[in-house]
Amino acid sequence: MKQGLLHHIELYVSNLKTSTTFWGWLLEELGYSKYQQWEQGQSWKLQDTYIVFVQTESKFLDIPYHRCRVGLNHLAFHGKSRQHIDELTVKLIERDVPILYGNKHPFAGGYDHYAVYFEDPDRIKVEVVAPNES
Ligand SMILES: [Zn+2]
């Protein structure tokens with residue numbers, strides 16, 4: 001039963017090449033595979049959900065995204081394990097992706113919430129969360 005689960009997410013980006021380089025790496029780390037590609041967009045899919053990135057038209061680039069304005073604040077993904085979160089954090093740092101809330105990492109979301117927070121090239125916040133340890 002898929003009713004109500006996210007079918008897809010579509011994000012408009014300021015620079016398709018920069019965003020798909022970043023998101024392609026991240027989503028493939030999370031188990032997604034390349035799905036669709038055309039001149040102005042590209043998507044990755046995992047099971048029944050896909051995420052699409054589309055180049056914003058230049059006439060709409062004058063107002064940049066800001067996650068504190070009305071609209072999307074962040075996207076959160078399930079990670080595989082705490083070790084996976086740690087490995088991903090190292091890879092993000094190697095790619096010069098700033099880790100948010102570094103002084104509280106990996107417990108910025110609370111002591112029972114093991115996660116890494118960072119930004120995509122348009123500064124959309126991204127979170128990857130470990131499953132609760134039993
Ligand atoms: Zn969150």
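Both ligands and their constituent atoms are indexed starting at 1 by order of listing. Counting from 1, the numbers follow the sequence of the chain as shown.
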**Message:** Distances under 2.8 Å only: what protein N/O/S atoms are near the Zn ion (ligand 1), ordered by chain and residue?
**Reply:**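 Under 2.8 Å from the Zn ion (ligand 1) - ignoring waters, which are not counted - the protein N, O or S atoms are His74 NE2, Glu127 OE1.
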**Message:** Checking Asp48 now: which residues fulfil salt bridge (Lys or Arg N to Asp or Glu O under 4.0 Å) with it, not counting sequence neighbours?
**Reply:**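 Lys2.
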Side-chain donor-acceptor pairs of residues 88-95 under 3.5 Å, sequence neighbours excluded:
| unit_1 | atom_1 | unit_2 | atom_2 | d |
| --- | --- | --- | --- | --- |
| Thr89 | OG1 | Ile85 | O | 2.7 |
| Lys91 | NZ | Glu29 | OE1 | 3.1 |
| Lys91 | NZ | Glu29 | OE2 | 3.2 |

**Request:** For Tyr117 and Gly109, work out which heavy atoms get closest and say how close.
**Result:**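 Looks like OH-CA, 3.4 Å.
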**Asked** Members other than Val52 in its cluster, when Ile, Leu, Val, Met, Phe, Trp, Tyr link by side-chain heavy atoms under 4.5 Å?
**Response**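 Members alongside Val52: Tyr12, Tyr35, Trp38, Tyr50, Val54.
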**Message:** Quick check: do Gln36 and Gln42 have side-chain heavy atoms less than 4.5 Å from each other?
**Reply:**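 A side-chain contact under 4.5 Å is absent here.
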**Asked** Are more than 12 heavy atoms from other residues, nucleotides or ligands located less than 6.0 Å from atom NE2 of His66?
**Response**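 No, because the 6.0 Å sphere around NE2 of His66 holds 12 heavy atoms or fewer from other groups.
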